[in-house]
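Note sheet for the following structure.
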Amino acid sequence: MPSADVERTKHGIRKSLGLNPDHAVLVSAKEGIGIDELLERIVEIIPPPQGEIDRPLSALVFDSYFDKYVGAVVKVRIFNGTVGRGDIVKFMSTDKQYEVTEVGIFKLVREKTDALTPGDVGYIIAGIKTVSDTKIGDTITHVNNPAPEQLKGFRDVKPMVFSGLYPMYSDDYEALKDALSKLRLNDASLIYEPDNSYALGFGFRCGYLGLLHMEIVQERLEREFDLALVTTAPSVEYRITNQRGESYTIDNPVKMPDPGLIEKIEEPYVEATIITPAEFVGNIMSLVQDCRGIHKDMQYIDSTRMQLHYDLPLSEIVFNFYDKLKSYSKGYASFDYEFRDFRASEMVKVDILVNAEPVDALSFIVHKDKAYYRGKEIIEKLKDIIPRHQFKIPLQAAIGAKIIARENISAMGKNVTAKCYGGDITRKRKLLEKQKEGKKRMKQIGSVDIPQEAFMTILRID
């Protein structure tokens with residue numbers, strides 16, 4: 001590209017990654033430059049696979065996908081031993097056993113072979129029904145001659161972000177259930193369980209690896225399965241310790257216990273890395289400070305770019321942190337994070353009351369210092385979204401029994417005295433009093449229709 005600056009990029013690699021750029025091979029696949037040199041360097045630097053064919057089978061699962069004809073296709077690398085058709089194998093993390101029906105290697109398509117030996121990267125087909133049984137990082141070994149231990153590095157996939165998924169039309173519940181089960185065939189990291197909301201009806205509580213994973217899942221459900229969905233505000237897992245010293249985790253604001261029973265609440269923190277042009281550092285530092293970020297260090301990658309490290313509460317990121325970051329940096333800042341630990345925080349549950357009734361799908365957990373501002377923003381937006389009814393509707397944000405913000409949706413006006421001609425003023429007063437009593441009775445027994453857009457307001461508050 002005309003704008004390529006090789007020397008500046010080399011300097012950035014040395015500064016940000018700590019690698020020696022002198023070892024880098026200059027390659028342009030578009031122009032065909034340096035490809036032979038790259039292949040030669042791979043052979044020189046990367047050692048050949050080590051392993052013994054006589055030892056018990058140890059095969060590392062690094063990926064899998066679902067084929068509607070043969071079931072789950074497991075992608076593996078063989079470290080020790082050999083595996084072929086007819087072998088009885090097991091997954092060491094789940095202890096599930098299967099008979100191998102086909103093994104092979106990948107070219108542009110699957111190509112069958114007689115066996116896979118140490119150093120081979122290929123696939124195993126064994127009539128596995130679901131991808132959830134093939135955990136990435138797991139070890140496959142023989143049942144009769146098992147490996148003494150799993151290959152190092154395996155750990156269960158743990159969801160970090162949670163939200164409720166509900167069909168916009170209640171008749172689509174079964175369709176959403178089928179869509180999630182089909183999606184899970186190809187995405188073992190997605191978890192879901194049935195959920196029920198007073199406001200939204202029957203749906204599912206879903207767990208995702210992160211915000212990007214959540215967006216991809218929702219987009220696929222809408223595009224591939226033609227579903228209209230309502231999504232509740234994303235939340236994270238909180239660790240609750242009660243007065244008796246017992247600890248447990250919750251991922252849904254509805255499950256938050258009474259504040260009087262809580263000894264402490266711990267929220268997840270992530271280690272965040274932000275790379276940005278130097279001119280936007282002031283704006284970004286202000287943004288992260290508003291999100292309760294803890295500054296760790298800051299360094300120049302080169303004369304124009306900086307790298308910032310922060311410890312950030314995950315609950316602050318799941319709202320619109322990323323959108324604000326892109327807005328403050330004109331799209332130039334990049335953001336990456338990984339889980340660090342749980343830390344004690346003053347978190348509270350805020351309930352949104354519509355006509356004195358709490359709407360569970362609008363509840364959220366937030367830091368005590370931000371509860372008033374976030375609650376006020378939500379009910380102000382709800383005031384514009386919920387249509388007027390025949391009676392006045394109070395909108396309230398509450399922490400327990402304490403109301404922290406309130407707005408009113410005024411009643412629709414109807415001129416009941418329009419056809420009252422002449423006579424004493426008491427005739428009109430009688431009609432107005434009758435109307436007043438009717439509105440009062442309607443407020444007690446009437447229900448408020450909350451449009452679907454209301455549940456998206458939490459996602460879009462500033």
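The figures that follow rest on heavy atoms only: side chains count, while hydrogens, waters and symmetry mates do not.
- Donor-acceptor pairing under 3.5 Å is lacking for the side chains of T117 and T82.
- The closest donor-acceptor contact from the side chain of H142 to the backbone of N144 lies at 3.5 Å or more, if one exists at all.
- No donor-acceptor distance shorter than 3.5 angstrom exists from the side chain of Q97 to the backbone of D95, with no hydrogens or angles considered.
- Between D138 and K96 there is no salt bridge, since no side-chain nitrogen of the basic residue lies less than 4.0 Å from a carboxylate oxygen of the acidic one.
- A donor-acceptor contact shorter than 3.5 Å is absent between the side chain of T241 and the backbone of S247.
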Verdict with reasoning, K182 to E224, per salt bridge (Lys or Arg N to Asp or Glu O under 4.0 Å)
CA-CA 11 Å; K182 289 176 182 177; E224 296 177 21; over 6 Å; no

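- The pair E267-R292 counts as a salt bridge, with a side-chain nitrogen and a carboxylate oxygen less than 4.0 angstrom apart.
- Checked against salt bridge (Lys or Arg N to Asp or Glu O under 4.0 Å), K68 has no partners two or more places apart in sequence or in another chain.
- Side chains of Y123 and E102: a donor-acceptor N/O pair is present below 3.5 angstrom, by distance only.
- Between I140 and V76 there is a side-chain heavy-atom pair separated by less than 4.5 Å.
- For T141 (side chain) and A147 (main-chain N/O), a donor-acceptor pair under 3.5 Å exists by modelled atom type.
- Between the S286 side chain and the G282 main chain, no donor and acceptor come within less than 3.5 Å of each other.
- Y192 and F204 have perpendicular rings, their planes meeting at more than 60° on a 0 to 90° scale where under 30° would count as parallel.
- Distance alone, capped at 3.5 Å, places no donor-acceptor pair between the D178 side chain and the A175 backbone.
- Taking the six-membered ring where tryptophan is involved, the planes of Y310 and H295 are perpendicular, since the angle between them exceeds 60° and thus also 30°.
- The environment of CZ in F342 is crowded: more than 12 heavy-atom neighbours from other residues, nucleotides or ligands sit within 6.0 Å.
- Every residue two or more places apart in sequence or in another chain was checked for a salt bridge (Lys or Arg N to Asp or Glu O under 4.0 Å) with D290, and none qualifies.
- T101 places a side-chain N or O within donor-acceptor distance of the main-chain N or O of I125, the cut-off being under 3.5 Å.
- For D195, the side-chain contact (heavy atoms from CB on, under 4.5 Å) partners are Y166, R205, N252, not counting sequence neighbours.
- With R41 contributing its side chain and H23 its backbone, the two residues share a donor-acceptor pair below 3.5 Å.
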